[in-house]
Protein chains: 2
Amino acid sequence: MTTHILKGDRSASCDELFKALSDGTRRTLLEYLVREGEQSVHALTAISGVSQPMVSRHLGKLKRASLVTARRAGRETYYTARAKGLAPVVQWMAVYGALWSQRFTALEELDGY
Amino acid sequence: MTTHILKGDRSASCDELFKALSDGTRRTLLEYLVREGEQSVHALTAISGVSQPMVSRHLGKLKRASLVTARRAGRETYYTARAKGLAPVVQWMAVYGALWSQRFTALEELDGY
DNA sequence: CCATTTCATAACCATCTGATTATGAGAAGC
DNA sequence: GCTTCTCATAATCAGATGGTTATGAAATGG
């Protein structure tokens, strides 16, 4: 009963993760956090192209998807990208992407990046 | 000007891909196609839990995201999972997941799968 | 203490999206 | 030829979602 939990366990977090990643603004925020490290809402608003309340809401979704963590310091809130948050999606990719073609051959074609 | 095209090129397909993958029913269809190979709309409807028109529409989205291909044979249409379709997402993962933590360490924790 | 900064929440709106039923167009079978 | 099967599209609808402005709470700084 421990193995073979393809559905039911992962799918919930996968759903939240894929949904979180399916928005361009959200990905922009996440990408910026990954590249630049911990950032305040203020800084994120500056680069997001949307209003501050919207940034807060996007960050909230990323947080609920476990893709970021928040740290309050005075009046600022600093958000940080959370590495392990992507794990369920990576697993999904590994199962279906790999099962289905060569094991992440595409990774070798990255070069430029 | 040739390199550093993180945005603009990939983001379009990434958006469509993540959106396509962000729906549970769509993932179920795709997963089934990956595991069982080419399937008719009829067969996919049987396992989807939703109506046939909805299955057609979901397949349409998967097709536009380049995740499946369609082959008409008589009155049936057979859909097939398309391996390379995931590439942009895999690349995104590689760039941000890797840049951000150890290079896909999560993959090593797959065991059960 | 008052003004300002920083953030989150509320109220609201337009649009997208998933789902349904109804319909229509082609193939197959009798 | 008529019926049946397979699929896609149209018409609709409820609810989620991205966006905005307005507001409020809490911390900082004169």
Side-chain angles (χ1 to χ4, degrees), chain A residues 7 11-33 36-81, chain B residues 7 11-33 36-81:
Chain A
K7 269 283 164 53
S11 58
S13 51
C14 256
D15 214 71
E16 220 167 12
L17 273 174
F18 275 123
K19 279 201 179 96
L21 295 171
S22 72
D23 180 75
T25 303
R26 231 136 45 204
R27 279 201 309 282
T28 298
L29 291 173
L30 190 58
E31 291 164 8
Y32 190 75
L33 285 175
E36 306 294 330
E38 194 179 57
Q39 297 288 328
S40 69
V41 175
H42 184 66
L44 291 170
T45 301
I47 61 105
S48 70
V50 297
S51 63
Q52 173 267 310
M54 205 58 228
V55 172
S56 282
R57 270 185 36 185
H58 279 311
L59 288 170
K61 288 201 177 183
L62 289 174
K63 190 173 159 195
R64 273 196 346 201
S66 300
L67 286 169
V68 301
T69 57
R71 176 179 71 88
R72 191 94 198 226
R75 53 184 171 185
E76 278 124 353
T77 307
Y78 291 97
Y79 283 85
T80 311
Chain B
K7 269 282 163 54
S11 57
S13 51
C14 255
D15 214 71
E16 218 168 14
L17 272 175
F18 274 124
K19 281 201 177 95
L21 294 172
S22 72
D23 180 77
T25 304
R26 230 132 51 204
R27 281 201 310 281
T28 298
L29 291 173
L30 190 58
E31 291 164 8
Y32 190 75
L33 286 175
E36 307 294 330
E38 194 179 57
Q39 297 288 328
S40 69
V41 175
H42 184 66
L44 290 170
T45 301
I47 60 104
S48 70
V50 296
S51 64
Q52 174 267 310
M54 205 58 227
V55 171
S56 281
R57 273 189 33 186
H58 279 310
L59 288 170
K61 290 203 175 182
L62 289 173
K63 189 174 159 194
R64 274 195 348 201
S66 300
L67 286 169
V68 301
T69 57
R71 175 179 71 87
R72 191 93 197 225
R75 54 184 169 183
E76 277 123 355
T77 305
Y78 290 96
Y79 283 86
T80 311

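Quick note: numbers below take in every heavy atom, side chains included, and nothing from hydrogens, waters or symmetry partners. In the text below, chain A, chain B and the rest are named by the order of the sequence lines, each starting its count at 1.
For the pair A:R64 and A:E16, the minimum side-chain heavy-atom distance is below 4.5 Å. Here the side chains of B:S48 and B:L29 are in contact, with some heavy-atom distance below 4.5 Å.
For the OP1/OP2 pair of C:dC16 and a distance below 4.0 Å, the side-chain nitrogens and oxygens of B:K19 include no atom meeting the criterion. Dashed line: the shortest gap from a side-chain N or O of B:S51 to OP1 or OP2 of C:dT20 is under 4.0 Å.
Interatomic distance, B:L67 CG to B:L59 CG, rounded to the nearest 0.5 Å: 11.0 Å. Of the inter-residue distances, the one linking B:L17 atom CG with B:L62 atom CG reads 10.0 Å to the nearest 0.5 angstrom. Note that OG1 of B:T45 is 11.5 Å distant from CE of B:M54, once rounded to the nearest 0.5 Å. Distance check: A:T28 OG1 to A:H58 NE2 gives 9.5 Å after rounding to the nearest 0.5 Å. Between the OH atom of A:Y78 and the OG1 atom of A:T69 there is a distance of 14.0 Å, given to the nearest 0.5 Å.
Of the candidate nucleotides C:dT20, C:dG18, C:dT6, C:dG18 has the atom nearest to the side chain of B:H58.
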inquiry  = At under 4.0 Å between heavy atoms, how does the protein contact nucleotides 22-30 of chain C? Give one character per nucleotide, 5' to 3', with B, S or -.
reply    = B----BS--
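Remark: P of C:dA8 and CZ of A:R64 are 14 Å apart, rounded to the nearest angstrom. Between A:M54 atom CE and C:dC7 atom C1' there is a gap of 15 Å when expressed in whole angstrom units. The CD-C1' distance, from A:E76 to C:dA8, rounds to 14 Å in whole Å. Straight-line distance from the CD atom of A:Q39 to the P atom of C:dC7: 11 Å, rounded to whole Å.
Of all heavy-atom pairs spanning B:A43 and B:Q39, the tightest one is CB-OE1, 3.4 Å.
Without hydrogens or angle criteria, B:R26 side chain to B:L21 main chain gives no donor-acceptor distance under 3.5 Å.
Each of B:R57 and B:Y79 lies near DNA chain D, and the nucleotide nearest B:Y79 is the one positioned closer to the 5' end.
Backbone-only contact: B:T25 has heavy atoms under 4.0 Å from sugar-phosphate atoms and none from a base. Residue B:S40 is in sugar-phosphate contact alone, with no base atom involved, counting any heavy-atom pair closer than 4.0 Å across all strands shown.
Nucleotides of DNA chain D with any atom under 4.0 Å from a heavy atom of chain B span, from 5' to 3', D:dT4 to D:dT9.
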